[in-house]
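Working notes, beginning with the structure itself.
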Amino acid sequence: MAGKNLLEKVWERHKVRTLPSGQDQLLIGLHLIHEVTSPQAFGMLEERGLSVAYPHRTFATADHIVPTEDVSRPYADPLAEKMLVALEENTKKHGISFFGTESGKQGVVHVVGPEQGLTQPGMTIACGDSHTATHGAFGAIAFGVGTSQVRDILATGTMAIAKPKVRRILVKGQLNEGVGAKDLILAIIGRLGVNGGLGYAYEYAGEAIEAMSMEERMTLCNMSIEGGARVGYVNPDETTYSWLAGRPYVKDDAAMRAFGDEVRSDANAFYDDEVVFQAEDIAPMVTWGINPGHVVPVDGQLPSLESLPEEERSTAERAYEYMGFAPGESMAGKDVDVVFIGSCTNGRLSDFREAAAVIQGKKVAPGIKALAVPGSQEVAKAAESEGLDEIFRKAGFQWRHAGCSMCLAMNPDKLEGRQLSASTSNRNFIGRQGSPVGRTLLMSPRMAAAAAIAGKVVDIRQTGGEA
Amino acid sequence: MNVTGIKGAAIPVRGNDIDTDRIIPARFMKCVTFAGLGAYAFHDERQNTDGSSKKHPFDDARWAGHPVLVSNANFGCGSSREHAPQALKDYGVKAVVAESFAEIFAGNCCSLGIPAVTLSSEDIQDLLTVIEENPQTEVNIDVDAMTVKLEGKEWKATMPSSHRNALLDGSWDSTGVLLEGKENVAATAAQLPYMK
């Protein structure tokens, strides 16, 4: 008989019962909240006279709307200030721990959770944010949810959800020099499509994944949703346990390891589907269009409409029109206006080290606005203690305070007009970075850093960042 | 409230992969309630940066304000923001018909009692053509029978059975039914090493 995969094991441990609708009532062991998708949920609780069922398993931070330049209160934007005040009040009223800007621990929710050791193997985790799959890097089952589910989880500690199928993404071999987790996930989305993961959780496995650091695994799992998969995870191993050991909320190291070992996928586990990738085949990847599936190797050409499946052509046509690009053009050599290094995808210490190694001793090309935005105050502190902030500043980058920043531009960090941005974030949607006509090229931190120096998209394997 | 079906005229919004940033751009999410979001639904698809109209179906008198939204594949992909279906709902959308939906978006629609049903690609093409040519055509989404009907036409629709059941029995507003399991929840939590 086939064994069980991690999702099945975690699901069994957290399933409360089958609901009359056929969905499962699933216990959520860790609920992370932020200022954008929680105030309405607290409002709904208020209306219904309900309280928070598990306040000690609920944690809050502020990330989407926080400014990264002038962080003095009240914020210049009264709406942003109002949202932050609402979160401060709601967390205080319900006894929820809040990592605010004064705490020294504030940051992007998906950076803060793991960093504090809140995220642990075998947990179910939910947050009103689609990039919650990031936490799957630790062998947790983590969902992005809407505000009505935030309400349900606050009120009951559970949510109604159907169990997804599991597709194993087996990555054999080892990634080449200059190629990282960001390139791998973009390549996966490029091949399986932006809705290829619909109804599935992705289990990332194989030698290349086992060799990855925790931060790389987080980058990988983070973008599962961009491939249509609501959940992505990696089986916990020694890398996971060592990374977590000693973090503030890891109270019992042995229990954490035991639970992680218990929920690991069995060697003979059943999967609904399996797809194999060869790591050596993957090049640094860059997006050219209006969704993360519009992606090519940096040394490639933009695809002809005829080469695409028929159902993808109309979106691709719209993408070419919006981006002002044409089929057959080279990806390398596109002039960029803005470089953004940060976000829940690539805003961790290793991302800034990687980018710093590229820009050290060099200068950002004239006319380029370059932002480095740490994913959390802890990341900022660690980077500053290594002198990374100085490397960025000397090169001509702005070194900012922690937040989501220009990934979705809910704060003052926005593209202007049709600016083209080389960005380490996760979405190149129309208007995503704050200008309704702004344009985004997604890539890894080292590629974005190289683009800042060259002023255009370059192949990190050839240039090492030289123009 | 049981949602057994929606009848009304439709709005054609053509395109695959229409993401939730397009349905409600992030800058309009600076709010602490969902009230009034309908004014910003598809904002940047409706207006040029100079404020002039792009003649989006949401502003075109032939379709504006109709309760059934029809689109193509992977509708509602991207961000989990419930602001997207809330904005559509506030605008007046009561049901969405598409070739496929992103999972979180479909779940959010269900949570709001909005049927999100899928038809085959061919049937969507037919439906879009009909409503573009005859904007006042009444579309009947029958959640119980899982069909989409027009005068003289009937298509087999699909949606996750759990969403269908929740709409039909009223448990789409899920807090009540989840609260009923309170003791089972405590028992499940007690068995988890990290919840102790």
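Each chain gets a letter, A, B and so on, in the order its sequence line appears, and its residues count up from 1. Just the heavy atoms: all of them, side chains too, but no hydrogens, waters or symmetry mates, feed the values below.
- Here His14(A) contributes atom NE2 and Leu192(B) contributes atom CG; the two are 4.5 Å apart, rounded to the nearest 0.5 Å.
- Of the listed residues Asp44(B), Asn184(B), Thr33(B), Val32(B), the one with more heavy-atom pairs under 4.5 angstrom with chain A than any other is Val32(B).
- In this structure the side chain of Val185(B) never reaches within 4.5 angstrom of the side chain of Thr156(A), judged on heavy atoms.
- The CD1 atom of Ile225(A) sits 9.0 Å away from the SG atom of Cys77(B) when rounded to the nearest 0.5 Å.
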Subject >> Worked verdict on Glu82(B) versus Thr37(A) for side chain to side chain donor-acceptor pair (under 3.5 Å) >> reply: CA-CA 8 Å; Glu82(B) 190 172 303; Thr37(A) 58; over 6 Å; no
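- Only the side chain of Arg57(A) comes within less than 4.5 Å of a heavy atom of chain B; its backbone N, CA, C and O stay farther away.
- Neither the backbone nor the side chain of Ile161(A) comes within less than 4.5 Å of any heavy atom in chain B.
- Minimum interatomic distance between Ser100(B) and Leu198(A) (heavy atoms only, all atoms of both residues): CB-CD2, 4.5 Å.
- Across Gly146(A) and Ile104(B), no two heavy atoms sit closer than the pair N-CG2, 4.5 Å.
- Phe28(B) does not touch chain A: none of its heavy atoms, backbone or side chain, sits under 4.5 Å away.
- Neither the backbone nor the side chain of His131(A) comes within contact range of chain B, judged by heavy atoms closer than 4.5 Å.
- Considering only heavy atoms from C-beta on, Asn108(B) stays 4.5 Å or farther from Val145(A) through its side chain.
- The shortest distance between side-chain heavy atoms of Leu179(B) and Leu50(A) falls below 4.5 Å.
- No part of Phe143(A) comes within reach of chain B, as not one of its non-hydrogen atoms sits under 4.5 angstrom from that chain.
- Residue Asn411(A) does not touch chain B at all, counting heavy-atom pairs closer than 4.5 Å.
- In this structure, no portion of Cys110(B) lies under 4.5 Å from any heavy atom of chain A.
- Highest contact tally toward chain A, considering only His83(B), Arg14(B), Arg27(B), His163(B), is held by His83(B) [criterion: heavy-atom pairs under 4.5 Å].
- No part of Met256(A) comes within reach of chain B, as not one of its non-hydrogen atoms sits under 4.5 angstrom from that chain.
- When heavy atoms are compared at a cutoff of 4.5 Å, Arg13(A) approaches chain B by way of both its backbone and its side chain.
- Most heavy-atom pairs under 4.5 Å with chain B: of the set Ile430(A), Leu30(A), Asn426(A), this distinction falls to Ile430(A).
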**OP:** Before giving the answer on side chain to side chain contact (heavy atoms under 4.5 Å, CB included), spell out for Ser148(A) and Leu112(B) the whole-Å C-alpha distance, their side-chain angles and the decisive distance to 0.1 Å.
**Re:** CA-CA 8 Å; Ser148(A) 295; Leu112(B) 300 180; 3.9 Å; yes
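- The environment of Lys251(A) atom NZ is dense: over 12 non-hydrogen atoms of other residues, nucleotides or ligands sit within 6.0 angstrom.
- Here Cys31(B) is the residue among Cys31(B), Ala84(B), Gly15(B) with the most heavy-atom pairs under 4.5 Å with chain A.
- There is no contact between His43(B) and chain A, counting heavy-atom distances below 4.5 Å.
- Looking at Thr158(A), both its backbone and its side chain come within 4.5 Å of chain B, counting heavy atoms on both sides.
- Contacts between Lys30(B) and chain A at a heavy-atom distance below 4.5 Å involve backbone atoms as well as side-chain atoms.
- Residues of residues 169-178 of chain B that come closer than 4.5 Å to chain A, counting heavy atoms only, are Asp169(B), Ser171(B), Asp173(B), Ser174(B), Thr175(B), Val177(B), Leu178(B), ordered by residue number.
- Ser314(A) OG to Asn72(B) CG: the interatomic distance, rounded to the nearest 0.5 Å, is 7.0 Å.
- At a threshold of 4.0 Å, the pair Arg17(A)-Glu183(B) does not count as salt-bridged, since none of the basic side-chain nitrogens sits closer than that to a carboxylate oxygen.
- Between Ser79(B) and Arg432(A), the closest heavy-atom pair is CB-NH1, 4.5 Å.
- Residues Ser121(B) and Glu311(A) have side chains that never bring a donor and an acceptor to within less than 3.5 angstrom of each other.
- Contacts between Pro193(B) and chain A at a heavy-atom distance below 4.5 Å involve the side chain alone, from C-beta outward.
- Atom CD of Glu138(B) is surrounded by more than 12 heavy atoms from other residues, nucleotides or ligands within 6.0 Å.
- At a 4.5 Å heavy-atom cutoff, the contact between Glu180(B) and chain A is made by backbone and side-chain atoms alike.
- Interface residue Thr147(A): backbone and side-chain heavy atoms are both found under 4.5 Å from chain B.
- Here the CE atom belonging to Met29(B) is positioned 7.5 Å from the CE atom belonging to Met83(A), to the nearest 0.5 angstrom.
- A 6.0 Å sphere centred on NZ of Lys414(A) holds more than 12 heavy atoms belonging to other residues, nucleotides or ligands.
- Taken to the nearest 0.5 Å, the CD atom of Glu103(B) stands 12.5 Å off from the OG atom of Ser130(A).
- When every heavy atom of Gly181(B) is checked against every heavy atom of Val16(A), the shortest pair comes out as O-CG1, 4.3 Å.
- With respect to chain B, the highest number of heavy-atom pairs below 4.5 Å among Leu87(A), Thr132(A), Ile290(A), Asp77(A) belongs to Asp77(A).
- The contact between Ala86(A) and chain B is made entirely by side chain atoms (from C-beta outward), counting heavy-atom distances below 4.5 Å.
- Per-residue heavy-atom pair counts under 4.5 Å with chain A were compared for Asn16(B), Asp19(B), Ile18(B), and the maximum is reached by Asp19(B).
- At a 4.5 Å heavy-atom cutoff, Leu168(B) makes no contact with chain A through either its backbone or its side chain.
- Neither the backbone nor the side chain of Val150(A) comes within contact range of chain B; no heavy atom of the residue lies under 4.5 Å from a heavy atom of that chain.
- Contacts between Lys15(A) and chain B at a heavy-atom distance below 4.5 Å involve the backbone alone (N, CA, C, O).
- When heavy atoms are compared at a cutoff of 4.5 Å, Asn195(A) approaches chain B by way of both its backbone and its side chain.
- Contacts of Thr20(B) with chain A are absent, with no heavy-atom separation under 4.5 Å from either backbone or side chain.
- Atom NZ of Lys54(B) sits in a crowded spot, with more than 12 heavy atoms from other residues, nucleotides or ligands closer than 6.0 Å.
- Nearest heavy atom pair, residue Tyr194(B) against residue Gly122(A), reads CE2-O, 4.2 Å.
- Annotation: Lys7(B), atom NZ; neighbour count of heavy atoms from other residues, nucleotides and ligands within 6.0 Å does not exceed 12.
- In the displayed structure, Glu151(B) atom CD is contacted under 6.0 Å by at most 12 heavy atoms of other residues, nucleotides or ligands.
- Across Gly107(B) and Gln149(A), no two heavy atoms sit closer than the pair O-NE2, 4.1 Å.
- Both the backbone and the side chain of Leu408(A) come within contact range of chain B, with heavy atoms under 4.5 Å apart.
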